[in-house]
Amino acid sequence: MRKVIHSLKVLENKSAGGDNFTLLLEAPEPLPTITPGQFCEVKVDNDPTVYLRRPFSIHNVDYKSNTITLLIKVLGKGTAKLSGIKEGDALNVVYPLGKGFTISDEPKVLLVGGGCGVAPLLYMARVLNEKGIRPTILVGGRTTVDVPRVEAYKEVGETHVATEDGSLGEKGLVTQHSVFKSHLADFKRIYTCGPEGMMKAVAKAAEALEIPCEVSLENTMACGIGVCLCCVTETKEGHKCVCTEGPVFDSTQLNGWNIDKASTCSKPYLKNE
Amino acid sequence: MRKVIHSLKVLENKSAGGDNFTLLLEAPEPLPTITPGQFCEVKVDNDPTVYLRRPFSIHNVDYKSNTITLLIKVLGKGTAKLSGIKEGDALNVVYPLGKGFTISDEPKVLLVGGGCGVAPLLYMARVLNEKGIRPTILVGGRTTVDVPRVEAYKEVGETHVATEDGSLGEKGLVTQHSVFKSHLADFKRIYTCGPEGMMKAVAKAAEALEIPCEVSLENTMACGIGVCLCCVTETKEGHKCVCTEGPVFDSTQLNGWNIDKASTCSKPYLKNE
Amino acid sequence: MTDLSVKINKLKLKNPVMTASGTFGYGYEFEDFLDLSRLGGIVVKATTSKHREGNKYPRMAETALGMLNAVGLQNKGVDYFVKETCPKLTKYDTHFFANVSDSTIEGYVEVAEKINELDYIPGIELNISCPNVKEGGMAFGTSCPSAFAVTEAVRKVYKKTLIVKLSPNVTNIAEIAKAVEDAGADSVSLINTLLGMAIDAEKRRPVLSTVTGGLSGPAVKPVALRMVYQVSKAVKIPIIGMGGISNATDAIEFLLAGATAIQVGTANFIDPQVTIKIIEGIEDYLIRHRIKKVTDLIGALEV
Amino acid sequence: MTDLSVKINKLKLKNPVMTASGTFGYGYEFEDFLDLSRLGGIVVKATTSKHREGNKYPRMAETALGMLNAVGLQNKGVDYFVKETCPKLTKYDTHFFANVSDSTIEGYVEVAEKINELDYIPGIELNISCPNVKEGGMAFGTSCPSAFAVTEAVRKVYKKTLIVKLSPNVTNIAEIAKAVEDAGADSVSLINTLLGMAIDAEKRRPVLSTVTGGLSGPAVKPVALRMVYQVSKAVKIPIIGMGGISNATDAIEFLLAGATAIQVGTANFIDPQVTIKIIEGIEDYLIRHRIKKVTDLIGALEV
Ligand SMILES: Cc1cc2nc3c(=O)[nH]c(=O)nc-3n(C[C@H](O)[C@H](O)[C@H](O)COP(=O)(O)OP(=O)(O)OC[C@H]3O[C@@H](n4cnc5c(N)ncnc54)[C@H](O)[C@@H]3O)c2cc1C
Ligand SMILES: Cc1cc2nc3c(=O)[nH]c(=O)nc-3n(C[C@H](O)[C@H](O)[C@H](O)COP(=O)(O)OP(=O)(O)OC[C@H]3O[C@@H](n4cnc5c(N)ncnc54)[C@H](O)[C@@H]3O)c2cc1C
Ligand SMILES: Cc1cc2nc3c(=O)[nH]c(=O)nc-3n(C[C@H](O)[C@H](O)[C@H](O)COP(=O)(O)O)c2cc1C
Ligand SMILES: Cc1cc2nc3c(=O)[nH]c(=O)nc-3n(C[C@H](O)[C@H](O)[C@H](O)COP(=O)(O)O)c2cc1C
Ligand code: FES
Ligand code: FES
């Protein structure tokens with residue numbers, strides 16, 4: 001898969017509720033082939049406090065209109081700056097990066113997302129749809145605004161919601177949702193993305209049932225292309241780069257995830273914060 | 001004179017020909033008292049390559065509308081960034097700074113400006129006007145666009161222009177202009193601002209005729225308020241801070257100005273560049 | 001109530017926020033912008049035994065989130081300081097520290113002795129780390145024996161709080177800190193500027209008249225923080241940390257790394273009111289984290 | 001025609017723009033972004049005698065126009081490098097340099113000996129300046145005797161171009177440069193990263209698993225430039241300069257300060273095509289200034 005550096009044109013910057021927003025970006029030439037779960041590295045301009053690029057999953061791809069969409073949660077300086085980007089502005093983006101989800105022909109697929117971790121699951125579901133598969137999607141967050149774009153998910157899969165405060169869907173964590181608790185064994189493939197605490201719980205349950213489970217990590221990155229070795233995660237075979245050997249890993253490959261230094265998305269999700 | 005830090009509102013950003021533009025800025029509370037020749041320190045936001053504030057002369061003051069105007073030439077990173085500032089934006093400015101021109105009751109006054117060095121002379125002329133004095137103003141530059149806002153100067157004084165290529169006014173340097181060459185002795189006060197080469201030539205001619213001549217220096221500055229001691233110029237009494245003991249100095253006070261490390265405005269003015 | 005006070009030796013500061021020498025003049029230059037009596041302390045511009053003209057212009061170069069300076073200790077000498085400057089400082093309710101510099105040990109001692117006589121100057125900061133003078137200055141701060149010698153000599157004549165300001169341009173700053181502690185310093189402050197250089201590629205010339213100069217500002221913060229941390233493991237005397245501090249978060253990082261107080265330098269040029277914002281930001285942080293006294297943050301890094 | 005070629009020892013580079021170890025992988029990771037054969041040279045990621053897992057995550061912290069890293073020499077060891085990696089490099093028309101690191105002199109010698117056998121590796125960069133490993137690494141680069149010893153030992157077994165990479169975390173880098181020149185180095189490269197630290201004030205913890213790490217990026221440029229200048233006054237062998245170079249102007253500044261070639265590190269992360277832009281920018285500069293050969297810029301600073 002060829003990586004490109006594009007100056008993408010911002011067609012739309014739309015709020016997705018709470019701190020979340022989507023950027024619709026148009027490529028200057030035909031899009032490269034993009035696999036669900038892959039990400040891009042975005043240069044944040046005009047901010048003296050932001051030096052490195054910022055990684056974001058590719059939330060949606062439309063080869064026809066030659067656009068990609070990002071779903072971003074404002075977390076700090078870079079994402080705050082990006083949230084103010086205007087229609088017509090340009091965004092320098094390196095993509096597509098990393099190894100995405102494995103796509104099989106199994107029809108019974110569960111996608112589990114937490115907070116802004118849902119981002120890559122939309123494109124994943126769409127690609128599954130193209131293969132005739134309608135996945136079950138389970139998304140969770142602390143409260144309604146932490147579960148962005150539920151309507152979009154409903155279009156591409158049977159979507160269930162869990163919120164900790166019960167303001168949307170069932171009350172509780174995704175792993176406490178009735179679908180997860182009672183029907184997990186029905187699924188042949190599980191894909192999850194979100195706070196590491198959640199992903200670990202999902203992976204554990206999946207492993208107990210011997211269901212293949214892929215998780216998508218969000219380690220901090222400097223290069224995004226496998227050369228700085230800053231983004232490593234510990235696996236059964238030693239350190240692996242999340243940016244090139246991931247971000248998607250088979251859950252059984254990983255060991256010693258460090259929950260509290262974990263993913264950026266943990267904030268809205270973990271209870272005691 | 002009390003110094004303030006204001007978030008000034010940009011009412012207008014207007015081209016003044018060539019690389020020059022003016023910013024009309026509104027203060028959030030009554031303007032402090034400002035003397036012609038004083039300057040301000042502007043914070044340039046959203047640019048990772050600009051860290052320190054940038055000094056600019058105060059080009060005009062209107063106590064009624066509570067506004068000041070800056071006349072700026074795009075020279076590098078900071079001025080380029082400022083040239084893109086939009087109506088409604090805010091600009092963080094520390095002002096008024098420095099010691100301005102001495103204002104006397106002498107009616108025969110000559111103001112000599114080169115390139116963007118004309119900036120402080122407009123407000124100077126207006127203040128003279130208020131005292132009933134209509135100064136003679138001589139401005140020069142390489143070519144027409146390097147002599148910004150001639151129309152504004154015509155309103156406040158008898159204005160003459162010299163351009164090196166003869167595209168506007170007389171051909172040649174300001175010191176070769178007929179007013180300068182033939183009528184210098186008529187004046188009782190000379191004030192000059194612009195490239196140091198020009199100011200030196202003006203000062204030399206003035207000194208020869210024993211006419212008091214004040215020059216306005218543009219040394220690079222870090223603080224603008226007399227604490228870093230970076231902006232010094234050599235005077236008969238040792239190093240003096242341009243930001244607090246200047247920027248205006250009596251020409252006879254100064255020694256050893258260093259022409260080639262000179263003022264920013266030298267570029268459009270000096271011949272062999 | 002949140003307690004912001006800290007102690008440097010026996011001296012109590014109302015809060016840990018001081019201003020760094022050479023970046024805050026003699027304080028009164030900032031009077032229009034803030035109430036000086038809110039500051040924990042003010043370290044004034046370097047004073048030497050004799051009047052000094054400093055280096056030639058240009059003395060400044062802007063760099064990536066930082067600046068180089070090559071002022072070279074321009075000042076009117078200690079006698080002027082004692083007679084003319086100090087009397088102007090007595091009206092403010094904060095601690096003024098003199099920054100003492102020179103080219104020889106005798107010079108340092110002379111300045112310290114004279115300042116020792118001033119009632120309203122409770123301490124000095126011995127600057128053995130100025131990179132911008134040909135003789136002395138930084139040279140004293142780059143080897144243990146010379147750092148020890150100058151500190152010891154000054155300690156003999158100086159009876160009040162003696163802070164020694166260390167140079168970051170060394171292989172092992174902890175060693176130097178230990179040497180000055182052994183020589184009797186009450187506190188160390190760090191870092192002075194990192195030796196750097198800027199070139200004008202178009203003119204093919206150094207930007208500074210002195211070719212090299214001292215780097216300060218946000219760019220140096222990671223190095224400063226590391227050095228404060230290293231020194232805090234090596235000495236028992238209180239540390240005053242500085243280098244690139246521009247906001248309350250930066251200040252808190254230095255406290256966590258082991259500093260008892262902090263100094264704000266170059267950031268004063270960008271925002272003359274930054275010190276007040278830092279004081280208020282530290283207070284907010286303490287309240288938010290339910291910490292009663294700022295001293296609980298000192299060295300509280302969980303490694 | 002403008003001549004961009006430079007020579008390191010007897011080795012001719014097509015232009016002075018190289019990539020810095022640890023920031024450009026083994027080169028081929030950048031193949032989608034640029035034509036590697038346009039580069040003056042590529043220094044690959046550090047190789048040690050044995051496979052190393054490196055430090056724990058997190059290994060990175062963003063700082064003011066810079067970053068800290070604490071990778072800790074993660075690599076698959078010299079045997080893997082010789083057997084698996086090197087064969088992949090032969091197809092590119094540029095010079096690949098191995099970056100040799102270890103914890104002991106024997107380790108350095110072992111790696112150098114093995115790489116000496118590789119036809120298509122014309123030189124090594126001896127990394128005596130890695131701040132991110134507990135043993136060896138930077139320790140070798142912070143004293144003259146140890147820098148001399150490791151260089152001398154490697155020189156005995158390594159017959160091709162030997163570049164020694166210096167640490168900036170020293171009081172006097174010119175002295176160390178002189179020591180390695182005396183020990184037989186063909187060239188010195190500088191600077192490796194400055195030791196720094198980052199703290200998460202909210203969590204009250206260091207950001208890096210190793211507490212301290214190496215600072216790189218634009219923030220360090222003034223220090224790097226000064227050190228290149230100082231070293232250029234001390235040694236006769238060619239200098240390869242680096243530290244924060246992000247554009248052609250930066251590169252030219254290093255050449256003017258005395259570097260024969262330059263390396264681009266962290267800037268590759270921000271713009272993977274930056275090296276090509278730098279090469280083109282240098283050429284533009286030479287044309288604009290009517291300079292025929294880039295070598296005329298080396299050390300051409302008018303002081
Ligand atoms: C492969 C990958 C895919 C991602 N996809 C998305 C996505 O689709 N949508 C989305 O909103 N976010 C996504 N993220 C996270 C996103 O990159 C960060 O939220 C963003 O970089 C934060 O930048 P900032 O400048 O706003 O935060 P900063 O101001 O840099 O940091 C704010 C706080 O967050 C912490 N932090 C920053 N980045 C990370 C990180 N990656 N991991 C853990 N802690 C971090 C910092 O340490 C700090 O405490 C992804 C990350 C990765 C690695
Ligand atoms: C008291 C004072 C009043 C001024 N009034 C005006 C004014 O009214 N209008 C106006 O357009 N400009 C004025 N200037 C000059 C103005 O401050 C500079 O042009 C501006 O700071 C350049 O910023 P920059 O970021 O665009 O340039 P940079 O990108 O920082 O620099 C571009 C080039 O210009 C050089 N340079 C930058 N500033 C100066 C300086 N002050 N002196 C000499 N060389 C410099 C740099 O070394 C570099 O080579 C004044 C300066 C002073 C000190
Ligand atoms: C313009 C300038 C002048 C300085 N003069 C002195 C001085 O006279 N004595 C001294 O000990 N330090 C001096 N310093 C160093 C500062 O006090 C401080 O140690 C350094 O700038 C790092 O802090 P900062 O990054 O917050 O500026 C000076 C710094 C600057 C920028
Ligand atoms: C992530 C990272 C990894 C590095 N790894 C090495 C290394 O393995 N060997 C080495 O000699 N230098 C290493 N360096 C240092 C760089 O080669 C270079 O000396 C330093 O980053 C300064 O240059 P820069 O500011 O252009 O990045 C590394 C730097 C970074 C940022
Ligand atoms: S981010 Fe650089 S190797 Fe993964
Ligand atoms: S600019 Fe700081 S003293 Fe003048």
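Letters A, B, ... mirror the listed sequences (proteins, then strands); counts begin at 1.
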Please tell me if the side chains of C:Gln230 and D:Leu195 come closer than 4.5 Å, counting only heavy atoms from C-beta onward.
-> yes

Test salt bridge (Lys or Arg N to Asp or Glu O under 4.0 Å) applied to C:Asp182 - qualifying residues, sequence neighbours left out | C:Lys178

Could you name the residues of residues 59-71 of chain D that have a heavy atom within less than 4.5 Å of a heavy atom in chain C?
-> D:Thr63, D:Ala64, D:Leu65, D:Leu68

State, yes or no, whether a side-chain contact exists between C:Leu301 and D:Met197 at a heavy-atom distance under 4.5 Å.
-> yes

D:Glu302 side chain near C:Lys203 side chain, heavy-atom distance below 4.5 Å = no

At a heavy-atom separation under 4.5 Å, does D:Glu202 approach chain C through its side chain, its backbone, both, or neither?
-> both

With a 4.5 Å cut-off on heavy-atom pairs, point out which of C:Gly196, C:Gly244, C:Pro218, C:Ala198 contacts chain D the most.
-> C:Gly196

For D:Glu175, all residues meeting salt bridge (Lys or Arg N to Asp or Glu O under 4.0 Å), sequence neighbours excluded | none

For chain C, which residues of residues 252-277 of chain D have heavy atoms nearer than 4.5 angstrom = D:Ile252, D:Glu253, D:Leu256, D:Ala257

Could you tell me which of C:Asp250, C:Val170, C:Val220 has the largest number of non-hydrogen atom pairs under 4.5 Å with chain D?
-> C:Val170

Can you tell which part of C:Leu225 gets under 4.5 Å to a heavy atom of chain D, answering side chain, backbone, both or neither?
-> both

Rounded distance (nearest 0.5 Å) linking atom CG of C:Asp200 with atom OG1 of D:Thr249 = 10.0 Å

Toward chain C, the part of D:Val211 with a non-hydrogen atom under 4.5 Å = side chain

Kindly indicate whether the side chain of C:Thr171, heavy atoms from C-beta on, has any atom under 4.5 Å from the side chain of D:Asn169.
-> no

Might you confirm whether atom CZ of C:Arg288 has over 12 heavy atoms from other residues, nucleotides or ligands at distances under 6.0 Å?
-> yes

So what's closer than 4.5 Å to chain D heavy atoms on C:Thr212: side chain, backbone, both or neither?
-> side chain

Nearest non-hydrogen partners of D:Leu215 and C:Ala219, listed with the distance | CD2-O, 4.1 Å

